[in-house]
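Notes for the one structure printed next.
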Amino acid sequence: MTAESTLRCRDWGYAAIAALGITRVLSYQVAGALRAGTLEVILRKFEPEPWPVSLVYAGQGLLPLKLRAFLDFAMPRLKARLAQE
């Protein structure tokens, strides 16, 4: 008898927390678990450098007011959140 299976998971951090193995995810995906102590970083010397974050509008012409309001709202919060990590 041959059994085939595929593990599909929307959040690999949860799979690691459930002791299903190790995972490589972006820091924001597991920040809460790291703070709570339910997950720990291993192989720290193999961690990649942090990636830059950009908010980009690819449209042409004037920036829509709703988008400008969102950027003004999101940018300081994103900077503060990333500074915590």
Side-chain angles (χ1 to χ4, degrees):
M1 175 187 290
T2 303
E4 294 183 28
S5 68
T6 301
L7 174 64
R8 294 184 182 180
C9 184
R10 298 178 101 200
D11 187 336
W12 290 100
Y14 287 121
I17 292 168
L20 296 176
I22 61 175
T23 187
R24 181 174 176 199
V25 294
L26 299 175
S27 60
Y28 77 89
Q29 294 174 302
V30 292
L34 291 170
R35 280 192 301 274
T38 56
L39 198 61
E40 65 179 284
V41 177
I42 60 172
L43 304 173
R44 190 172 296 276
K45 70 179 185 176
F46 296 101
E47 280 190 80
E49 292 295 318
W51 293 353
V53 175
S54 301
L55 299 175
V56 177
Y57 171 64
Q60 297 177 355
L62 297 175
L63 194 64
L65 291 177
K66 287 182 182 181
L67 181 56
R68 175 81 263 156
F70 170 75
L71 293 174
D72 290 342
F73 172 82
M75 285 179 20
R77 287 165 178 78
L78 183 58
K79 285 181 182 180
R81 178 77 182 264
L82 293 174
Q84 293 173 357
E85 297 178 10

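Membership of an apolar cluster is not assigned to Leu62, as no side-chain contact below 4.5 Å to another ILVMFWY residue is traced. In the hydrophobic clustering (ILVMFWY side chains linked at under 4.5 Å, chained through shared members), Leu65 stands by itself. Residue Phe73 is found outside any hydrophobic cluster, as its side-chain heavy atoms come under 4.5 Å of no other Ile, Leu, Val, Met, Phe, Trp or Tyr.
Every residue was checked against the salt bridge (Lys or Arg N to Asp or Glu O under 4.0 Å) condition with Arg77, not counting sequence neighbours, and none meets it. In this structure, the side chain to side chain contact (heavy atoms under 4.5 Å, CB included) partners of Leu34, at least two apart in sequence or on a different chain, are Val30, Leu39, Val41. Take Ile22 and apply the side chain to side chain contact (heavy atoms under 4.5 Å, CB included) test, not counting sequence neighbours, and it matches Ile42.
Closest non-hydrogen pair, Pro76 versus Leu71, comes out as CD-O, 4.3 Å.
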